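Reading through the structure tokens given below for one structure.
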Number of protein chains: 2
Amino acid sequence: MIDLRFPTTLQMMLSLALAQREGDLVLSSAQLAEGAGTNASLVRRLLPQLAKAGLVTGTKGREGGVRLARPACEISLDAVYLAVMGEDPLWAARHNVPHRCLVSNNMADFFEGLTRDAQAALVASLARRNLADSLEELRVIEASAEAALRTAARSG
Amino acid sequence: MIDLRFPTTLQMMLSLALAQREGDLVLSSAQLAEGAGTNASLVRRLLPQLAKAGLVTGTKGREGGVRLARPACEISLDAVYLAVMGEDPLWAARHNVPHRCLVSNNMADFFEGLTRDAQAALVASLARRNLADSLEELRVIEASAEAALRTAARSG
DNA sequence: GAAAAATGCAACCATCATCGATACATTATG
DNA sequence: CATAATGTATCGATGATGGTTGCATTTTTC
């Protein structure tokens, strides 16, 4: 099954950033689930990990909900990724490879270093955006889509 | 299930590089499978993709087998990755998200760009090594492990 | 004080890509 | 012609993930 944890969590965080910008609103897990096109159960499984990482704060009880723990511009996407996906290696070497030659003897160590490098590059690429940047990117995408629509209407 | 295609393929390619360095030998899929700790079926499913990408050439028939199509120093690890894993995006956005707000309206486009950036960073990190480099790294790892063993034997 | 509404947590099943195994056609060598 | 290899197809097992439901706990509101 395709792993949807990161896209789902990212959409949740962007929704929270939008809610924060529009009056410091709190959102319930049901609202977050509805916005992301999933169910409240998955949201409630992801939220505690974000809370542990210090990215969101949840308040229980009636009128409770979730909000960002920091301003959107201070939450970069790599923090979101690491909070949900953990430090688990991107790839895993095979276990139980027989030790027979230079390659099979040292493959595990070599692959671990390779994976670490690749993962660091991945995380660094995510670190180049924060939630506020991303909201602005979403705005630009929407504006360009609207412009394309207007052009199509004029020519059609 | 954890995806082992890349680690498995990489070990196959390193085994081929080693065989090439030791006299331009060809290896059978059974030999490759044995070295990687898996079965010939998986190897024979991975090999055609490497052949399509122009990384290996296979010869059928008795005394047939597989060899690198190019010198090891001209095969970088990103080529191996792309050959086996394809251009498929690293992550996939959810489909069927209701279009209700700035975030849910444009999440798919935004996430596609984000994924493209991350994947490019990943591939670029793999591109920094080729098979010959990796063989040398394996040699260094083995030497350092042997040195550690000798030290332990002397002090123990 | 009780009802309501929220989080947090646990258990269970469905899904589905991957791995492993087997079989078979094809091809090339000796 | 026998042998040994690739290339391909099919089938079942595996296991992480998503979805559903239920419930205890907490906090606000009436």
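Just so it is clear, the values below take in all heavy atoms, side chains as well, and ignore hydrogens, waters and symmetry mates. If you're wondering where the values come from, they're calculated on a predicted model, not measured in any experiment. Here is the naming used below: chain letters follow the sequence lines, and residue numbers restart at 1 for every chain.
Ring geometry, Phe111(A) versus Phe6(B): the interplanar angle falls from 30° to 60°, so the pair is classed tilted.
Straight-line distance from the CG atom of Leu32(A) to the C1' atom of dA6(C): 13 Å, rounded to whole Å. Distance, Gln49(B) CD to dT6(D) P: 16 Å, rounded to whole Å. The nearest whole Å value for the distance from the CZ atom in Arg67(A) to the C1' atom in dA6(C) is 14 Å.
No side-chain N or O of Ser134(B) forms a donor-acceptor pair with one of Arg129(B) less than 3.5 Å apart.
Remark: Arg139(A) engages Glu136(A) in a salt bridge, criterion side-chain N to carboxylate O under 4.0 Å.
In Glu146(A), the CD atom is crowded: over 12 heavy atoms of neighbouring residues, nucleotides or ligands sit closer than 6.0 Å. Within 6.0 Å of CG in Leu25(A) there are more than 12 heavy atoms belonging to other residues, nucleotides or ligands.
When side chains are defined from C-beta on, Leu18(A) does not count as touching Leu138(A), because their heavy atoms never get closer than 4.5 Å.
Put simply, Ser29(B) has a side-chain N or O that comes within less than 4.0 Å of OP1 or OP2 on dT6(D).
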Letter per nucleotide, 5' to 3', of nucleotides 18-30 of chain D [B base touched, S only sugar-phosphate touched, - untouched; heavy atoms, 4.0 Å]
BBBB---BBBB--
